Amino acid sequence: MKNTAIYIHIPFCDHKCIYCDFYSLVSYDNIEEYLKYLKLEIAYYAKLYSQNRIIDTIFFGGGTPSFMTPNYIGEIIAEISKNFNLDQNAEITLETNPGTVSKQKMAEFIIAGINRVSIGIQTFDEKELKFLTRIHNKETAIKTVYNTAEAGIENISIDLIFSLPNQTKKTWIENLNIAASLPIKHISTYSLILEKGTILNKMVLDGKVKMASENHDAELYKYTMDFLTNEGFTQYEISNFAKENYECRHNLYYWEYRDYLSFGTAAHSFVNGERWWNFSSLKKYISEIEINRNAKRGSEILDKSQILDEYIMLGLRSKGINLSEIKKYSDDWYFEKKENINSFIKERYLIQTEERISCTQKGYIICDEIISKLI
Ligand code: SF4
């Protein structure tokens with residue numbers, strides 16, 4: 001039996017945030033229709049891949065999955081359970097935006113099967129929330145965490161963004177202090193990235209907004225790692241911190257290069273060394289599923305050297321390169337890179353144990369540079 005993860009993309013949002021480049025729609029006209037086609041896609045791939053597999057995690061991402069009704073989410077979980085072998089202890093995560101769920105609605109999500117919630121708070125600072133055009137305020141963000149905990153979810157994660165334009169170290173520290181006071185088990189902290197095609201990108205190009213400098217970004221990132229480590233969180237990926245036993249099992253599938261199936265618009269899957277991706281447009285997704293029962297836009301089978309490079313990159317960004325596993329992709333890599341590896345170890349950017357080579361916290365700060373030397 002092979003453990004496998006499933007990702008479900010729910011593309012509907014209340015509005016478009018200025019920094020967001022995810023595929024999301026602000027019209028709700030097709031919500032019910034989308035459910036029908038998701039079910040058809042799930043059934044199609046189950047015929048191909050359900051044998052000898054156990055579904056270990058399901059992740060509802062978006063968009064804003066918490067806008068959906070608990071019944072809607074429950075129907076998708078039931079469809080997966082009907083078509084695949086769903087582990088009864090599977091981790092089932094719902095991405096949730098503050099302001100979209102009451103305690104009652106969260107309790108109904110639990111009945112539907114949700115047992116982990118990832119809340120997209122981004123910042124507790126009122127000015128920064130306005131700048132990011134989020135629909136919630138500080139009070140709603142905090143209330144959503146408590147509502148979730150009181151409804152019965154123990155495994156709560158929050159997302160925060162740092163290096164926002166004009167964000168001072170002081171406001172970022174305040175964000176971290178509030179986060180640490182909440183009943184959460186996991187934090188993802190991302191530095192704001194300027195994505196092409198976003199409103200924010202245009203604002204920067206027009207000179208209306210200035211992005212934070214690299215030095216400021218590195219300073220906030222270093223502070224974050226020290227702070228969260230002191231608060232009892234372990235860093236297990238460049239942007240992710242968890243209390244003991246609360247690492248996100250789903251995300252580990254991506255970082256450890258294990259199989260995952262994804263359904264919905266713009267979804268990417270990776271199974272048996274093949275990667276494929278769906279059409280992004282909802283209209284196209286629906287028409288493709290109608291005709292072919294799948295909405296595959298493209299696919300690739302990675303060759304050995306691509307797999308090796310990706311394995312190294314993902315390993316260094318997370319828990320490290322497993323020295324026996326990497327032999328599956330290359331016998332020579334370690335010996336070819338030994339000099340570079342040793343010099344990074346000497347400067348305490350990398351650490352090597354019998355089992356693996358990993359970035360230290362100092363190493364995470366220059367992770368891209370390390371990766372470029374080791375691939
Ligand atoms: S709520 Fe999330 S997915 Fe939707 S537009 Fe905002 S950032 Fe993007």
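All values reported here derive from a predicted model rather than from experimental measurement. Whatever order the structure lists them in is the order used to number ligands and atoms, beginning at 1.
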Which heavy atom of the protein is the closest neighbour of [atom], given with residue, atom name and distance?
| atom | answer |
| --- | --- |
| atom 1 (S) of ligand 1 | Asn97 ND2, 3.2 Å |
| atom 6 (Fe) of ligand 1 | Cys17 SG, 2.4 Å |
| atom 3 (S) of ligand 1 | Gly63 N, 3.3 Å |
| atom 2 (Fe) of ligand 1 | Arg134 NH1, 3.9 Å |

Strictly below 4.0 Å, N to O, side chains only: are Glu288 and Lys284 in salt-bridge contact? yes

Between Lys36 and Glu32, does any side-chain N to carboxylate O distance fall below 4.0 Å? no

Kindly say whether Gly120 contributes a backbone atom to a donor-acceptor pair with the side chain of Arg134 at under 3.5 angstrom? yes

As a quick check of understanding, evaluate salt bridge (Lys or Arg N to Asp or Glu O under 4.0 Å) for Glu150 and Lys103, giving each step before the final call. CA-CA 7 Å; Glu150 284 161 19; Lys103 199 191 294 180; 3.0 Å; yes

Specify side chain, backbone, both or neither for Cys13, according to which of its non-hydrogen atoms lie closer than 4.0 Å to ligand 1. side chain

Taking the non-hydrogen atoms of Gly120, is any one of them nearer than 4.0 angstrom to ligand 1? no

Are Tyr257 and Phe270 close enough that their ring centers fall under 6.0 Å? yes

Transitive ILVMFWY cluster of Leu194, excluding itself - 4.5 Å side-chain cut-off: Ile18, Tyr19, Phe131, Leu132, Ile161, Leu164, Leu192, Ile199, Leu200, Met203, Val204, Val209, Met211

Using the rule that two of Ile, Leu, Val, Met, Phe, Trp, Tyr join whenever any of their side-chain heavy atoms come within less than 4.5 Å, decide whether Leu129 and Phe124 are in one cluster. no

Within a distance under 4.0 Å of any heavy atom of Cys20, pick out the atoms of ligand 1 and give their elements. 3 (S), 5 (S), 7 (S), 8 (Fe)

Give the atom numbers and elements of ligand 1 that come within less than 4.0 Å of a heavy atom of Thr64. 1 (S)

When you measure from atom 6 (Fe) of ligand 1 to the N, O or S atoms of His15, does any of those distances fall below 2.8 Å? no

